[in-house]
Amino acid sequence: MKYYTQVNNQDFEIDIDHEDEITVNGETYTIDFQTLAEAGLTSLLINNRSLEGAVEERGDVWEVLMLGKLYAVKVQDERSYRLAQARGVTTESGGGDVKAPMPGMIIAVPVSVGDVVQKGDKVIILESMKMENELRAPRDGVVVQVRTEPGASVEKDQLLVVISEEKGEIELEVEE
Amino acid sequence: MKYYTQVNNQDFEIDIDHEDEITVNGETYTIDFQTLAEAGLTSLLINNRSLEGAVEERGDVWEVLMLGKLYAVKVQDERSYRLAQARGVTTESGGGDVKAPMPGMIIAVPVSVGDVVQKGDKVIILESMKMENELRAPRDGVVVQVRTEPGASVEKDQLLVVISEEKGEIELEVEE
Amino acid sequence: MKREDGLLTQKFDKLLIANRGEIAMRILRACHELGIQTVAVYSDADRNAPHVRYANEAYNIGPAPARESYLVMDKLIEVAKRSGAQAIHPGYGFLAERAEFAQKCVDNDIVFVGPPARAIAIMGDKQEARQTVKAAGVPIVPGTEPGLNDEEMVAAADNIGYPLLVKAVAGGGGKGMRPVHRAEDLPDAIAAARREALAAFGDDVVYLEKMITEARHIEIQLLADSHGNTIYLGERECSLQRRHQKLIEESPSFVVDEDLRRRMGEVAVAAAEAVHYANAGTIEFLVDKDKNFYFLEMNTRLQVEHPVTELVTGIDIVQEMLRVARGRKLRFTQEDVTLKGWAIECRINAEDPYNNYLPSTGTITTVRVPTGPGVRVDTGVFPGYEITPFYDSMISKLICYGETRGEVVLRMRRALQEYRIMGVKTNIPFHQIMVESHRFLTGQFDTSFVETRFSMDEDDGETHEMEAAILAALAAHKQGLHASQIVAPGERDTSNWKWLSRWERLRR
Amino acid sequence: MKREDGLLTQKFDKLLIANRGEIAMRILRACHELGIQTVAVYSDADRNAPHVRYANEAYNIGPAPARESYLVMDKLIEVAKRSGAQAIHPGYGFLAERAEFAQKCVDNDIVFVGPPARAIAIMGDKQEARQTVKAAGVPIVPGTEPGLNDEEMVAAADNIGYPLLVKAVAGGGGKGMRPVHRAEDLPDAIAAARREALAAFGDDVVYLEKMITEARHIEIQLLADSHGNTIYLGERECSLQRRHQKLIEESPSFVVDEDLRRRMGEVAVAAAEAVHYANAGTIEFLVDKDKNFYFLEMNTRLQVEHPVTELVTGIDIVQEMLRVARGRKLRFTQEDVTLKGWAIECRINAEDPYNNYLPSTGTITTVRVPTGPGVRVDTGVFPGYEITPFYDSMISKLICYGETRGEVVLRMRRALQEYRIMGVKTNIPFHQIMVESHRFLTGQFDTSFVETRFSMDEDDGETHEMEAAILAALAAHKQGLHASQIVAPGERDTSNWKWLSRWERLRR
């Protein structure tokens with residue numbers, strides 16, 4: 001079975017047809033893959049290299065924690081991949097959403113609809129865990145929606161601001 | 001609901017009718033009982049005393065590990081208790097069985113059928129984990145069965161020797 | 001013995017811990033090692049927390065917000081009386097530096113394991129603290145009086161010069177504090193500091209202080225008994241901070257030699273004696289590049305980073321706090337205190353270093369702490385523990401000890417690699433990159449290093465994208481195989497898949 | 001550098017660990033802290049073991065029985081060559097004291113992290129060892145030559161006097177050893193010792209030795225480099241044993257003063273130098289009640305109980321082993337070695353102290369290790385780990401450190417209480433009763449204490465039958481409630497209940 005994976009902007013085509021063998025971008029490796037009793041932990045021997053990773057499906061990505069580092073891996077089987085290609089959906093979709101990373105209270109909203117922002121600009125100040133936290137624009141673009149206001153209490157993952165890459169995309173983004 | 005419990009030869013009658021209250025041998029306590037995310041762990045606040053116990057059902061007893069000590073608790077609801085009383089089954093049944101506590105090889109069987117043994121006498125020498133382990137008579141009595149021989153490989157919990165309290169009990173024990 | 005200034009010392013055999021998390025666990029352990037019975041308190045959010053399970057007794061004190069539970073003095077006093085606890089240890093944070101609470105304990109004949117109320121009050125008022133220690137001959141940083149209005153402060157700022165700091169009188173731990181580099185930013189900074197201080201401490205009085213640049217934050221740990229003996233237990237290097245939150249602490253410091261240690265120690269003892277201090281406390285200093293040191297503030301409590309001092313001195317500070325509070329004399333003179341080896345602490349927080357260090361809430365699913373030689377973990381979390389917005393985001397303290405700084409850094413590197421925390425994001429990658437960085441290894445850092453000269457992109461360690469992709473693909477494949485055995489292949493149903501994933505975990 | 005006697009020292013950056021369990025983890029950690037790449041080997045039973053997951057590379061070497069995997073020298077040499085490992089650390093047990101293996105490594109140009117093969121061979125032959133050290137002026141226990149037949153031994157026994165010990169020439173760790181108190185028991189004991197030695201070591205040659213009564217087992221840790229420098233790192237008190245298996249070790253010893261330590265240390269160094277020893281090793285002594293000490297044997301390897309020495313000396317013994325094997329000089333002279341504080345180790349075994357200490361097999365379901373100040377845990381198990389009859393029953397080593405023995409005993413008590421291991425029975429209750437016992441607290445014990453004067457019934461601590469009954473009833477009740485929501489109440493169906501129990505766990 002073929003899988004299309006993407007992590008940190010790197011793509012890997014992975015074929016899994018045998019229990020003890022894997023092909024990655026055309027190169028074949030001997031493997032021994034085990035899921036462990038501790039929730040989410042896995043052990044992989046690949047050409048006798050040993051790797052332990054914690055793997056959890058979270059939303060539409062697989063999170064892999066390995067040697068202290070966290071990787072978000074998008075995994076698609078052939079069918080999903082082809083469908084996505086046909087639809088023209090890029091893996092960047094949703095990249096303009098600013099969501100609340102935790103519950104809290106909005107202290108300030110330094111942007112308004114129509115503002116042009118650059119990646120890294122402050123768009124929301126959220127108080128939580130006794131600290132003021134700055135939420136920043138995930139990309140260059142135009143503020144197309146502001147869904148909150150100072151003083152509002154927000155839940156985790158609540159959508160606060162939407163930034164579109166170009167003005168023409170506004171409709172499309174909202175539909176998604 | 002009433003439960004009859006027995007642990008280390010002590011009996012406790014326990015009534016559980018409310019979530020935050022328990023009656024033990026007629027005395028009532030305020031409780032807050034929680035099962036934790038780690039398998040088998042529980043937390044009990046009883047009149048504000050805090051106890052953490054690991055609880056697992058194992059065979060016909062509940063094993064409770066608390067403050068480093070392991071307790072084997074027999075728990076019967078009213079119906080099972082009455083039935084058992086009616087049948088006259090005592091909690092001592094099976095106390096004459098010598099089973100293999102782990103897999104291994106039989107080194108010696110120092111007793112034969114018909115031997116009179118005292119509690120603590122060697123009845124089997126089993127090699128396992130690179131050590132010779134002595135299995136001892138669990139009570140005074142007469143050897144009524146020897147189900148193994150030197151050189152035999154045995155599995156965990158395999159019945160090796162049966163010791164009857166009195167000769168007359170032989171039939172009954174075997175039937176059980 | 002009861003003193004005028006609110007110091008009560010007497011024997012006790014049952015103690016209430018007015019705190020939660022890792023520090024509650026730390027105090028519980030010290031009590032149990034001394035044979036003292038323990039009483040825990042918990043908010044509705046903490047019923048299953050380790051400190052509740054580990055204590056001899058536990059009492060609910062209200063809803064999750066600290067203001068309705070851990071900060072309600074009368075509830076704590078009432079639980080102490082009800083349970084028969086003759087002493088209260090406040091830990092750090094919450095009520096630890098509230099003179100009123102220390103006094104309330106004493107008024108109820110309960111030993112407060114800390115300094116006298118009067119000492120807390122003086123040192124808690126940053127301005128009074130500065131005046132008091134200045135009079136005792138302790139060098140201080142130039143700044144303004146408190147209680148000026150915004151306009152007066154703006155005027156005073158020019159005399160002090162930039163950069164400067166806006167600081168809340170009631171502040172601590174970086175809250176209610178703002179650095180200002182240009183005059184035009186001052187009004188906003190004053191407003192922000194007032195707002196934060198009001199929210200955190202109910203008091204919006206602020207003042208200005210000169211900012212010492214290229215400064216190191218170095219603090220001296222003190223121990224004092226109620227018989228007039230005060231000693232210092234060497235220094236802690238705490239320069240690695242972000243937004244005034246300490247991230248890595250170590251002892252000894254790279255830049256402190258025997259002579260500087262003795263001079264700072266003696267000044268710190270003088271500062272404490274100026275307020276008739278008792279129990280454990282810390283004098284924080286700024287040390288500039290010419291090794292001049294200035295009094296910053298006194299923390300009149302146990303500190304988060306106390307373990308590094310415990311490891312290099314061999315003295316259990318929390319046990320000493322309890323002994324001193326019982327009225328015993330210190331078991332050490334200054335000459336008995338020797339430093340051996342090196343210790344480093346990394347604070348492991350639930351936050352995302354790749355996303356502006358935003359706190360990460362959620363439920364911790366898996367925890368495996370590093371063990372083995374030279375590794376200590378002080379933690380209050382466990383699988384099933386929920387990181388909530390109610391309390392701070394610290395998960396644990398990972399502390400390593402060894403013969404030399406080099407050995408400890410390498411040990412920390414392997415301990416960070418061993419640590420497994422799933423369910424929330426953590427700052428372990430931050431620590432990993434930091435302990436590999438040239439500047440950390442060579443001790444070339446000051447308090448502004450993390451914010452101005454450190455980046456997560458500096459990572460020159462290996463990354464393992466391909467291996468991560470393989471693990472994810474194999475996990476997805478294995479989940480798919482299970483699923484196909486159960487449900488007919490077809491349109492992917494997410495809820496169903498999730499159930500199957502759990503079901504698979506169950507079957508293992 | 002390659003010596004005639006089988007000592008090869010040279011730089012290496014990749015090492016194979018020819019072991020498993022906690023000691024494999026210990027060595028892996030030391031390697032990673034020194035930047036050495038690691039190669040693990042594993043039997044079919046150990047695919048998921050931590051040492052496999054933690055190493056950089058891992059190779060299967062055969063079926064679960066050690067004789068078909070961990071003891072097969074050629075497989076290990078082959079994996080070392082295949083993986084490019086230039087060194088092998090044998091740990092303890094398995095091939096650690098097989099001169100043939102040490103020599104095979106050297107013949108293949110692989111560094112054996114241990115002494116020269118010749119030293120292993122001499123010290124491994126108990127009789128030759130006695131003769132060699134006797135010639136070097138080391139006091140030894142009276143006994144017979146080896147290789148006598150049963151009749152000759154029975155005749156010789158009368159000259160030695162009872163009680164005496166039957167010991168296997170190839171023995172170690174209590175295997176192939178039998179105490180004999182009366183002449184009539186001697187023939188059986190010889191037979192049993194021969195049988196056990198044959199099974200364990202493939203060699204049934206035994207000899208007799210006088211049994212020193214009321215003796216303490218005290219050993220001296222040595223470190224030697226390949227440049228002729230040998231130092232001692234103080235003593236370990238290992239008298240608490242059962243059937244010659246050590247259960248609790250500590251450093252320093254209650255009965256060793258500065259003078260005795262120096263004299264034993266110097267004798268130990270002389271014994272090691274007599275065989276041109278290199279790397280880490282231990283001289284075991286029996287110390288009688290008049291503080292006479294007798295050479296018992298030399299362990300030519302790292303010992304299980306090395307951590308207590310690490311904690312009181314501050315020296316990482318495993319890292320030193322690796323440095324010395326790379327040909328480096330010792331970084332310490334004898335004068336640099338100072339003891340500070342006290343350390344105690346409890347071996348946590350999967351065995352039932354209430355049932356004649358029978359080993360307990362099964363799968364470990366839950367593990368929560370104690371943490372916090374002064375606690376170190378060296379372990380190789382985890383949830384899902386199966387305790388099998390193939391390997392020994394040690395789960396972990398729990399080591400506590402503190403200023404004084406009293407502090408450490410109290411710390412050990414709380415650490416034992418914190419430890420949670422579910423799925424198999426453990427000897428934690430044994431340790432709990434021991435650390436509370438008057439004789440342990442006052443240091444009044446010898447090697448026969450556990451077997452002859454200690455009983456699990458001595459427990460005068462509290463027991464909590466009622467609380468255990470309540471927990472069990474509540475758990476049963478909760479399970480029943482869940483069950484009644486799913487299946488119609490009626491005849492109890494065990495398989496169904498078990499499923500529900502798991503289902504409940506899943507839903508939490």
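Proteins come first, then strands; the chains are lettered A, B, ... in the order of their sequence lines, and each starts at number 1.
Taking every heavy atom of both residues into account, C:G423 and A:E56 meet most closely at N-OE1, 4.3 Å. The two residues C:A468 and A:V73 make their nearest non-hydrogen contact at O-CG2, 3.8 Å. Contact detail for A:T5 and C:A473: the closest heavy-atom pair is CG2-CB, 4.2 Å. The heavy-atom pair separating A:V75 from C:A472 by the smallest distance is CG2-CB, 3.7 Å. A pairwise comparison of heavy atoms in C:A475 and A:W62 identifies CB-CZ3, 3.8 Å as the closest pair.
For A:V24, the part lying under 4.5 angstrom from a heavy atom of chain C is the side chain only. C:T426 does not touch chain A: none of its heavy atoms, backbone or side chain, sits under 4.5 Å away. With a 4.5 angstrom heavy-atom cutoff, A:Y4 does not touch chain C via any of its atoms. C:E465 touches chain A through backbone and side chain together, each having a heavy atom under 4.5 Å away. For A:L67, the parts lying under 4.5 angstrom from a heavy atom of chain C are both the backbone and the side chain. For chain A, the nearby part of C:I421 is the backbone; its heavy atoms alone come within less than 4.5 Å.
Under the 3.5 Å distance criterion, the side-chain polar atoms of A:K156 are matched with a main-chain donor or acceptor of C:T361. Looking only at distances, no side-chain donor or acceptor of C:Q479 sits under 3.5 Å from a matching main-chain atom of A:E57.
The choice from A:I14, A:L126, A:I46 that makes the most heavy-atom pairs within less than 4.5 Å of chain C is A:I14. Most heavy-atom pairs under 4.5 Å with chain A, from the set C:T388, C:T366, C:L416, C:L471: that is C:L471. The residue among A:G120, A:P103, A:A72 with the most heavy atom pairs within less than 4.5 Å of chain C is A:P103. Taking C:K425, C:Q417, C:R195, C:Q432 one by one and counting their heavy-atom pairs under 4.5 Å with chain A, the maximum is reached by C:Q432.
Rounding to the nearest 0.5 angstrom, the gap separating the CZ atom in C:R243 from the CD atom in A:E134 is 5.5 Å. Atom NZ of C:K478 and atom CD1 of A:I16 lie 11.0 Å apart (nearest 0.5 Å). Of the inter-residue distances, the one linking A:F33 atom CZ with C:I470 atom CD1 reads 11.0 Å to the nearest 0.5 angstrom. Here the CG-CD1 distance, from A:L70 to C:I428, works out to 10.5 Å after rounding to the nearest 0.5 Å. Rounding to the nearest 0.5 Å places CZ of A:R136 at 4.5 Å from CG of C:N356.
Counting non-hydrogen atoms of neighbouring residues, nucleotides and ligands closer than 6.0 angstrom, the CZ atom of C:R98 reaches no more than 12 such neighbours.
Side-chain contact between A:M1 and C:H477 is present, with at least one heavy-atom pair separated by less than 4.5 Å. Under the 4.5 Å side-chain criterion, counting only non-hydrogen atoms from C-beta, C:L474 is not in contact with A:T42. Under the 4.5 Å side-chain criterion, counting only non-hydrogen atoms from C-beta, C:E467 is not in contact with A:Y71. Counting only heavy atoms from C-beta outward, the side chains of A:L41 and C:R368 approach each other to under 4.5 Å.
A salt bridge links C:R420 to A:E52: one of the charged nitrogens lies within less than 4.0 Å of a carboxylate oxygen.
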